[in-house]
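Whatever order the structure lists ligands and atoms in, that order sets their numbers, starting from 1.
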Amino acid sequence: MSLEFDVIVVGAGGSGLAAAYSAAEQGGRVLVLEKRPQPGGTTGIAVGSFTAAGTNLQRRIGIEDDSVAHEEDAGKFAPTAIETHNNSRLRSYFLSEAAETLDWLQRLGISFVGPNPEPPNRVPRMHNVVPGAKAYIAHLQLALQRHGAKLVCDAAVERLLRGESGRVAGVAARVAGQTEEVTAKQGVILAAGDYANNSHLIAKHKGDEYHEIEGINPFSMGDGHSLAEDAGAQMINMDVTYGPELRFVSSSKKPFQQWLPSTGIASRLMGAVARRLPRWMMRKLIKRLLVTWQHPENALFDDGAILVNHAGQRFVNEKVWPDREIGIAA
Ligand SMILES: Cc1cc2nc3c(=O)[nH]c(=O)nc-3n(C[C@H](O)[C@H](O)[C@H](O)COP(=O)(O)OP(=O)(O)OC[C@H]3O[C@@H](n4cnc5c(N)ncnc54)[C@H](O)[C@@H]3O)c2cc1C
């Protein structure tokens, strides 16, 4: 393996592959290091909805929208205590790039259906990828190959290397049982995912009572956060996490959409067919996704649903958050 690149990306989930492709598209020599035997990360098991304003799919059905309106609505999702931690400048930039990013993904051959409603968004903004989120991974991986970027799996980055100026200048990674040092002339991009399954980090930043909640992706260990912290980064907002929330137990079988082809003519055909599916059929498919790892709506408990343990006994007050999520007795 060459030991010098322009850009090194740590992690081959959706954000890492997208960053790598963007750098490769602009002529950079790019290396992606992935600690698992295959790319995908949490992105590969997600639902894959893409929320954006001012998109070509919205315009096609006559919805006028823009990122300023989106920004206002985005502020309504989280409770005020969390919203006060928001970085407005970053949110504004992120949302203003969303429609163009959707175009960019479509140009790669990724198909979307929708937009579907997603309140409190004032208009439908949820674009759903066909057949599922693994399409992002498959298409981006193909695009990277076409641009000659290198993806190495089973390659866990263990340390960030710093140059004389103190700037991060490369990584040390464990590849085939050996530690290799690779340098990046332009930069290292950390895209190693979240820390939802790192009980130590959760206990440290959020509190001991939350540490037993398992992440959906057992490999979400927050390596990127630890790498950055070890290199001297300041950590902020580590206690601001999504949830905790109840989850439907997902089937041990692979969900149906994971079996469908993600690239090629078959996937484009599915995109075209999916856009023409009757609403009742679409609703049925979406419902199935919603009971895979997603959380039940409060309305279910307002209507009288109760939670019972293995012995069939009710064990929490279902209407008190976060007691029901972390199992505090009623
Ligand atoms: C069930 C579920 C459904 C979701 N649905 C949606 C949705 O519909 N829409 C939406 O917008 N979001 C959704 N999300 C959230 C979304 O999936 C994540 O925010 C997104 O996938 C994160 O992408 P990422 O590239 O940052 O991380 P990941 O996709 O997790 O990628 C990180 C990669 O880095 C690798 N890595 C970690 N440490 C190292 C290391 N030391 N060295 C090398 N590689 C390393 C990991 O193995 C992994 O492959 C969902 C999440 C879940 C769990």
Practice item. May I ask you to check if ligand 1 and Ala156 share an N or O to N or O distance below 3.5 Å? Key: no
Practice item. Compute the shortest N/O to N/O distance between Lys35 and ligand 1 and return yes if it is under 3.5 Å, no if not. Key: yes
Practice item. Please confirm whether Asp194 comes within less than 3.5 Å of ligand 1 when only nitrogen or oxygen atoms on both sides are compared. Key: no
Review point. Should the proximity of Ala155 to ligand 1, defined as any heavy atom under 4.0 Å, be assigned to the side chain, the backbone, both, or neither?
Key: backbone
Review point. Quick one: does Asp223 get an N or O within less than 3.5 Å of an N or O on ligand 1?
Key: yes
Check your understanding: Taking 4.0 angstrom as the limit, do Lys35 and Asp223 come out as a salt bridge?
Key -> yes
Point to revise | SB check Asp239 Lys206 (cutoff 4.0 Å) | key: no
Pair up each side-chain donor or acceptor in residues 161-169 with any protein partner under 3.5 Å, not counting sequence neighbours, and list the distances.
unit_1: Arg162; atom_1: NE; unit_2: Gly166; atom_2: O; d: 2.7
unit_1: Arg162; atom_1: NH1; unit_2: Ala231; atom_2: O; d: 2.7
unit_1: Arg162; atom_1: NH2; unit_2: Gly166; atom_2: O; d: 3.2
unit_1: Ser165; atom_1: OG; unit_2: Arg167; atom_2: N; d: 3.3
unit_1: Arg167; atom_1: NH2; unit_2: Gln186; atom_2: O; d: 3.0

Point to revise | Contact partition for Ala191 relative to ligand 1, non-hydrogen atoms under 4.0 Å | key: backbone
Review point. In chain order, what residues pass the side chain to side chain contact (heavy atoms under 4.5 Å, CB included) check against Glu25, with sequence neighbours excluded?
Key: Tyr21, Trp104, His147
Practice item. Establish whether Met235 and Leu201 are linked, either directly or via other cluster members, by ILVMFWY side-chain heavy-atom contacts under 4.5 Å. Key: yes
Practice item. Pick one of side chain, backbone, both or neither for how Leu33 approaches ligand 1, counting any non-hydrogen atom pair under 4.0 Å. Key: backbone
